Amino acid sequence: MAVKNAAEKELIDEILKLKKERNAVIMAHYYQPAEIQDIADHIGDSLAMARIAATLSEPVVVVCGVHFMAETTKILCPEKTVLEPDPEAGCSLADSCPAAEFEAFIKAHPGHTVISYVNTSAAVKALTDIVVTSGNALKIVKALPEDEKIIFGPDRNLGSYINSLTGREMVLWDGACHVHERFSVEKAAELKRQHPGAKILVHPECTGPMRAIADVTGSTAVLLDYARESDEKEFIVATESGILHQMRLSCPDKTFIAVPPHDSTCGCNECSFMKLNTLRKLRDALRDMSPRTEVDAATAQRARRPIERMLSMS
Ligand code: 13P
Ligand code: SF4
């Protein structure tokens, strides 16, 4: 756990007190700021967050991640109060797939099963047959009959990764994440030259050339588990740098090196949306019981089915 200053300790005490009073639970994604990861009751990748949401007993859930994660929680737990510390925490990948345009895309490809990555709006999920995350997409696609025609959206990188592993020709929506497309393959290769024994860990939202030099490609949870279980001591990591916090906590004797972006001298690559959440905003959300995540009932009803299908298939 990171060293806390007095103001941070005070905020943490307030959060813990409010959490008890509200009978609330705090969920956080691995890309959250370290101090939020440290205070969360549950921390995980998108799949773990959805699985946990489906089983929670507390009436109030604070989702520290981005908006689609809070929406997924609200869809799975409509009776609960779902709070998101900063509702401006969006996702460039989800934004790359507006529902009206996706609907037209589906209409242009009749007879296709629609698979959507969890990084989508509730409205896109409502148009979907099966939701997937980076942690189960390959397994779910493989489970479908080989001749089943599939539309996969919105991430073209995850989609082409699955196409390459399965030999399928899923029709891909042309979307991407601005963070994962920024990693520099040249800088990663240079790090590998400097640390020849290091394993390269890559999220499947990265581009093909980045995945081509990976030793392991997988969701944040897969990369973290690999680092924990591996006998190797050094890892070069190409996913949002928040994950390094859990990697370093879990494996204090190992070295994790972030792959820098290609267009900046900064050493690591952060998702500005994920980093909008702060301890202060988390405290305010519990104190004010706001901002609340709402999904209109008709959309939520249609979006729930493909999420539940995912949970039952993974
Ligand atoms: P994971 O499900 O692998 O945690 O990924 C979520 C995400 O937003 C990746 O950018
Ligand atoms: Fe969305 Fe990319 Fe941020 Fe993940 S890292 S939440 S895909 S913008």
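Order of appearance sets the numbers: ligands from 1, and atoms from 1 within every ligand. This is a predicted model, so every value here is computed, not measured.
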Participant: For atom 3 (Fe) of ligand 2, what is the nearest protein heavy atom, given as residue, atom name and distance?
Facilitator: Cys271 SG, 2.4 Å
Participant: What atoms of ligand 2 come closer than 4.0 angstrom to any heavy atom of Ser92?
Facilitator: 8 (S)
Participant: Any side-chain donor-acceptor pair under 3.5 Å between Glu181 and Asn157?
Facilitator: yes
Participant: Any heavy atom of His29 closer to ligand 1 than 4.0 angstrom?
Facilitator: yes
Participant: Please check if any side-chain donor atom of His195 sits under 3.5 Å from a side-chain acceptor atom of Glu234, or the reverse.
Facilitator: yes
Participant: If hydrogens are left out, which of Val132, Leu93, Asn119, Leu224 has an atom nearest to atom 8 (O) of ligand 1, that is, the closest non-hydrogen atom?
Facilitator: Asn119
Participant: If you measure every N or O of Ser134 against every N or O of ligand 1, does any of those distances drop under 3.5 Å?
Facilitator: yes
Participant: Are a donor atom and an acceptor atom from the side chains of His67 and Glu84 found within less than 3.5 Å of each other?
Facilitator: yes
Participant: Could you tell me if any non-hydrogen atom of His180 lies under 4.0 Å from any atom of ligand 1?
Facilitator: yes
Participant: Provide the number and element of each atom of ligand 2 under 4.0 Å from a heavy atom of His178.
Facilitator: 8 (S)
Participant: Hey, mind stepping through Thr120 and Phe102 against side chain to side chain contact (heavy atoms under 4.5 Å, CB included) and telling me if it holds?
Facilitator: CA-CA 11 Å; Thr120 44; Phe102 194 56; over 6 Å; no
Participant: May I ask you to check whether Cys177 brings an N, O or S atom to under 2.8 Å from atom 2 (Fe) of ligand 2?
Facilitator: yes
Participant: So which of Asn119, Val66, Leu93, Val118 gets nearest to atom 4 (Fe) of ligand 2, if we judge by its closest heavy atom?
Facilitator: Asn119
Participant: Using a 4.0 Å heavy-atom cut-off, say whether Thr133 meets ligand 1 through its side chain, its backbone, both or neither.
Facilitator: neither
Participant: Does Glu240 come within less than 4.0 angstrom of ligand 2, counting non-hydrogen atoms of the residue?
Facilitator: no
Participant: Please say yes or no: joined through hydrophobic side-chain contacts below 4.5 Å, possibly via intermediate residues, are Val63 and Tyr31 part of one cluster?
Facilitator: yes
Participant: Can you pull out the closest protein heavy atom to atom 1 (Fe) of ligand 2? Residue, atom name and distance to 0.1 Å, please.
Facilitator: Cys91 SG, 2.4 Å
Participant: Kindly confirm or rule out an N or O of His203 lying under 3.5 angstrom from an N or O of ligand 1.
Facilitator: yes
